[in-house]
Amino acid sequence: MVLSLGMMRAMSDAPRTARAVARAELTRAILDSATQQLAEVGPAALSVRAVARDLGMASSAVYRYFASRDDLLTALLVEAYDDLGAAVEEADAAVTDRDDVAARWRATAGAVHDWARAHPHRYALTYGSPVPGYAAPQDTVEPATRAPRVLLQLLADALAAGRGVRDLGGRVDPAEVAATGPISAVTEPPLPPEATVRALAVWATLFGHVSLELFGHMNNAVLDYDTHFATVVDLAAYDLGLA
């Protein structure tokens, strides 16, 4: 039986029989081997046969855990998104003064930067070029939203405290309001359209700078990445009305 991601998660809460432990350990070994492949050949060249060879298994045995290469990619994506999401959530929670939204923003942005630099190949899987022929399934959606939800909630907290996004003077096109409606509805109460638009722009700026750094597009242009990134984060805080 091939396990779905939901079944794999449920197993972690189930009584641990010897068989379940062995299966969990082998699943972990397969994912670790596949993660190593990401570093060596990239996600597009990920091979179940290579994973099997690395673990001294037959390919058919690996397929009993992951039905296809795409299923293995999905598991790697979900794990990476969850890992990044947890890092961002923990960074936000570590700021004891919950009213200091600027400090919370700097902590969460820093967590994204630190995670990406610690796991460049996992970052490339989640935010790099799409893998040809692979379409991420619904299973990846919830994990992928964990990190951006922290920013949206932080902004909602700022607005509730009378701070946050400056008025855009009605310059948000009605079509944009409709297009970003599902994102506005993530928080309670829903974010105003101006806040959602600003949040999306800042999120893209944050990940754009991380990607430019990790993929070497700012070499010899920026001489101190830490200083530059801190400046970008502070400018974003101002743009969000948090500074």
Side-chain angles (χ1 to χ4, degrees), residues 1-94 107-108 111-112 114-153 186 214:
M1 176 181 67
V2 177
L3 296 181
S4 67
L5 291 172
M7 293 169 66
M8 289 168 61
R9 287 170 172 167
M11 284 178 61
S12 65
D13 300 324
R16 304 286 283 176
T17 65
R19 183 176 181 181
V21 169
R23 187 173 187 87
E25 289 176 349
L26 190 47
T27 300
R28 180 71 264 158
I30 292 170
L31 290 171
D32 288 344
S33 176
T35 299
Q36 183 60 36
Q37 270 201 53
L38 293 180
E40 295 173 355
V41 301
L46 180 67
S47 165
V48 173
R49 288 183 179 276
V51 169
R53 186 165 56 250
D54 179 48
L55 298 177
M57 301 170 59
S59 298
S60 58
V62 176
Y63 283 123
R64 287 200 290 270
Y65 291 79
F66 298 96
S68 66
R69 193 253 354 216
D70 284 3
D71 281 354
L72 183 53
L73 269 175
T74 296
L76 292 171
L77 271 171
V78 167
E79 189 169 66
Y81 280 132
D82 274 334
D83 196 30
L84 171 60
V88 172
E89 290 163 358
E90 289 167 9
D92 177 50
T108 56
V112 171
D114 291 345
W115 186 89
R117 294 204 292 190
H119 308 282
H121 303 291
R122 298 174 77 194
Y123 179 87
L125 172 66
T126 50
Y127 294 103
S129 299
V131 178
Y134 172 78
Q138 189 68 25
D139 283 345
T140 64
V141 173
E142 182 60 30
T145 63
R146 286 181 63 176
R149 277 177 183 270
V150 175
L151 169 61
L152 295 174
Q153 188 57 55
V186 164
L214 256 62

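The figures that follow rest on heavy atoms only: side chains count, while hydrogens, waters and symmetry mates do not.
- Distance check, rounded to the nearest 0.5 Å: CG of Leu76 to OG1 of Thr140 gives 12.5 Å.
- Considering only residues two or more places apart in sequence or on other chains, His121 meets the ring pair (Phe, Tyr, Trp, His ring centres under 6.0 Å) condition with none of them.
- Within the 4.5 Å cutoff, the side chain of Trp115 has no heavy atoms near those of the Val88 side chain.
- The side chain to side chain donor-acceptor pair (under 3.5 Å) check on Gln36 picks up Glu40, with sequence neighbours excluded.
- A distance of 11.5 Å separates CG in Leu214 from NE2 in His119, rounded to the nearest 0.5 Å.
- Partners of Asp114 according to the salt bridge (charged side-chain N to carboxylate O under 4.0 Å, His left out) rule, which considers only residues two or more places apart in sequence or in another chain, do not exist here.
- Contact detail for Ala111 and Ala91: the closest heavy-atom pair is CB-CB, 3.7 Å.
- Counting heavy atoms from C-beta outward, Leu73 and Leu125 have side chains that approach closer than 4.5 Å.
- Asp83 pairs by the salt bridge (charged side-chain N to carboxylate O under 4.0 Å, His left out) definition with Arg122, not counting sequence neighbours.
- Considering only heavy atoms from C-beta on, Tyr123 stays 4.5 Å or farther from Arg117 through its side chain.
- Among residues at least two apart or in separate chains, there is no salt bridge (Lys or Arg N to Asp or Glu O under 4.0 Å) pair with a member in residues 123-136.
- In this structure, CZ on Arg64 lies 9.5 Å from CG on Leu26, to the nearest 0.5 angstrom.
- Annotation for Leu72 and Ala34: closest pair CD2-CB, 3.9 Å, computed over non-hydrogen atoms.
- Contacts of Ala124 classified as side chain to side chain contact (heavy atoms under 4.5 Å, CB included), with partners at least two apart in sequence or in another chain: Phe215.
- Taking Asp70 as the reference, nothing meets the side chain to side chain donor-acceptor pair (under 3.5 Å) condition, with sequence neighbours excluded.
- Ala136 and Leu77 get closest at one heavy-atom pair: CB-CD1, 4.4 Å.
- Counting heavy atoms from C-beta outward, Thr27 and Phe66 have side chains that approach closer than 4.5 Å.
- Applying the side chain to side chain donor-acceptor pair (under 3.5 Å) rule to pairs touching residues 126-136 yields Thr74-Tyr134, sequence neighbours excluded.
- With sequence neighbours excluded, the residues satisfying side chain to side chain donor-acceptor pair (under 3.5 Å) with Thr145 are Arg149.
- Ala67 and Asp71 make their closest contact through CB-OD2, 3.2 Å (heavy atoms, listed as atom of the first residue, atom of the second, distance).
- The side chain to side chain donor-acceptor pair (under 3.5 Å) check on Glu89 picks up Arg146, with sequence neighbours excluded.
- Applying the side chain to side chain contact (heavy atoms under 4.5 Å, CB included) criterion to Ala44, with sequence neighbours excluded, gives Val131, Pro132.
- The distance from the OG1 atom of Thr17 to the CZ atom of Arg23 is 11.0 Å, given to the nearest 0.5 Å.
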Donor-acceptor pairs under 3.5 angstrom involving side-chain atoms of residues 49-58: please list them, not counting sequence neighbours.
unit_1: Asp54; atom_1: OD2; unit_2: Ser33; atom_2: OG; d: 2.7

